[in-house]
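Worksheet: one structure, shown below.
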Amino acid sequence: MTEPYPDLSPRAYAAGLIAVLSVAALLRAIYPAADPPWNPTVGIVWHDEGAWVHNARNRVLFGSWSQDAWNPIYIAPVFTGLEYLAFKAFGVGVRQARVVPELAGLLSVWLLALGVGRTAGRRAGLMAGVFLATNYMYVMWNRAALMEGPMVAMMVASWFCYVRAERDARWGWGAGACALLAFFTKASAAFFVAALALDAVITLVVRWKESVRLKPDTTGRASAEQRRAAWITLIALAAFGALALALFVLPNWTEYRFYNWQMSVVRKPSYSVKALADRVTGFPLHDLFTRMWFILTLACASALGALARWRRIAPGERLLLLWVGLGCAELILHDVGNERRFIFFIPALIALASITLGRQRTIVSTDVAEVPIGRAWWLLPAVLYGTYVVAAAIIRIAFLYEVRPNVRLAAAVAMIFTGLLYATWPLIPRALSRNGWSPAAAMAIALLVSAGQMAQFVQWAAGRSYKNYEASIAIGRRLPPGTLVHGKLANGLALENGIRPIF
């Protein structure tokens, strides 16, 4: 069937991307020394920037990475190395430290737009760029000298390379390398490495089964290229992983194990059944999901449609499902108490929502309505929990920072909706898959959502402060360079002076 609406022309797509990247650069670079949002907060702790660039600062100012008992280089070697390059090139300071996440964030906007464009068409790609460029939470984390922004950018780069590898398998080397760079930027990306490896294995199995039935036509050649890409991705993960193990992990095993296991895993919350249940129910009760509720809702609908045809979707689109699914599993197992844990969901949710808004142009894919009720029962856990997450993210506005009423009401909504869905199957998905919107309407929706995110940025900019920056300068006036200052908080006030924070 011919698409009634032609996709954007290459020239219009390029012009749109330039405009999107210009806005993204402006939002990340303007007011470079301003404090992160604090009323309301987005989860950025004021003293964390100095603490996490501690080793890079030590190397530039004092000639050695380690000066005390706090050495995040063993947790985040890639991030530390990038910050060192920024300090070496531009000097030590708040603005210089933030150059790394700003550039990484800008790169992620560009690559997500290109990747979604290849997966779902140029229009969907441009929408993904618009959403990520202006997402308030993501912009603010791109402005902070912390690991989350660069880690997510590496994940987006890996996903983009994996999408490119569907037609040119050599890009699988980039997918594997960037996934491991994400892990060594922050170990929270471990789930993404597993997701990439798992999807490569799934691709090998699915495409091998297809090759038995297919004739050597164009589809068969595409299937063969995807199998080759999957092998290259797995080999890249193994090869670059072995290299990192030999050059960094094993030579620094004592420190690596202490910082990445004792500090990051052992001291974290309980892993009892009750604790896991609390994390399952408390998972969606965060500002991030509420602030991007429209994107969350479309992404959940898109994910369910993709699950209904998971054997037939492209590897890049399936990786988005694993990105979200295994990411949820890692957080529920590990910790859902901090907003920073959820930042890595933003690009994946935006990509899924953009596929729905830009390519599918209906809330639910027509594939869902065609699923027999027997197969639909296999999706019940995903439907029930997805509905719970969507409901809780919006219901919490009425009970901000309360747990019990949010959990109970959202659970009731999820059970009622899921019961109606399955009792009337497939009437609801069939109704939601009809009467799709036009491309113009879809773009108008994207711009409207983006305007809402921009309004939050404008609100922050109007009331911005520079207290941390000014306090750091004041300390430099009172204390001579090299002065020893004890305590964790000293790290947060050390970027505009030459004191020696001892943690």
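Since we're looking at a predicted model, the values are computed, not measured. The analysis underlying the following values was restricted to heavy atoms, covering all of them including side chains, and did not include hydrogens, waters or symmetry mates.
Y466 OH: more than 12 foreign heavy atoms inside a 6.0 Å radius. Within a 6.0 Å radius of CH2 in W231, other residues, nucleotides and ligands contribute 12 heavy atoms or fewer. Enclosure of atom CH2 in W110 is not indicated, since only 12 or fewer non-hydrogen atoms of other residues, nucleotides or ligands lie within 6.0 angstrom.
Using modelled atom types, one finds a donor on one side chain and an acceptor on the other under 3.5 Å when comparing R318 with T203. Defined by atom type and a distance below 3.5 Å, a donor-acceptor pair is missing between the side-chain atoms of N406 and R396. Side-chain contact annotation: T80 with N55, donor-acceptor N/O pair under 3.5 Å absent.
The closest side-chain heavy-atom distance from I313 to L321 is below 4.5 Å. Side-chain contact between W46 and T41 is absent, with no heavy atoms from C-beta onward closer than 4.5 Å. With contacts defined as side-chain heavy-atom distances shorter than 4.5 Å, the pair L196/L237 qualifies.
Judged by distance alone, with hydrogens and angles left aside, the side-chain atoms of D7 form a donor-acceptor pair with the main-chain N or O of R123 at under 3.5 Å. Side-chain atoms of R98 come within 3.5 Å of backbone atoms of P32 as a donor-acceptor pair (strictly under, hydrogens ignored). Remark: the backbone N or O of A86 is not paired with any side-chain donor or acceptor of Q96 at under 3.5 angstrom. No donor-acceptor distance shorter than 3.5 angstrom exists from the side chain of Q360 to the backbone of S302, with no hydrogens or angles considered. Within the 3.5 Å criterion, the main-chain N or O of L8 finds a donor-acceptor partner in the side chain of R122.
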Audit row: R143, Y31, side-chain hydrogen bond (donor to acceptor under 3.5 Å, both in side chains) steps and yes/no: CA-CA 10 Å; R143 295 174 57 90; Y31 313 126; over 6 Å; no

Candidate pair F160 and W171, rule side-chain contact (heavy atoms from CB on, under 4.5 Å), full reasoning: CA-CA 9 Å; F160 168 75; W171 283 87; 4.0 Å; yes

Stepwise side-chain contact (heavy atoms from CB on, under 4.5 Å) check, W52 with I75: CA-CA 9 Å; W52 289 107; I75 303 175; 3.8 Å; yes

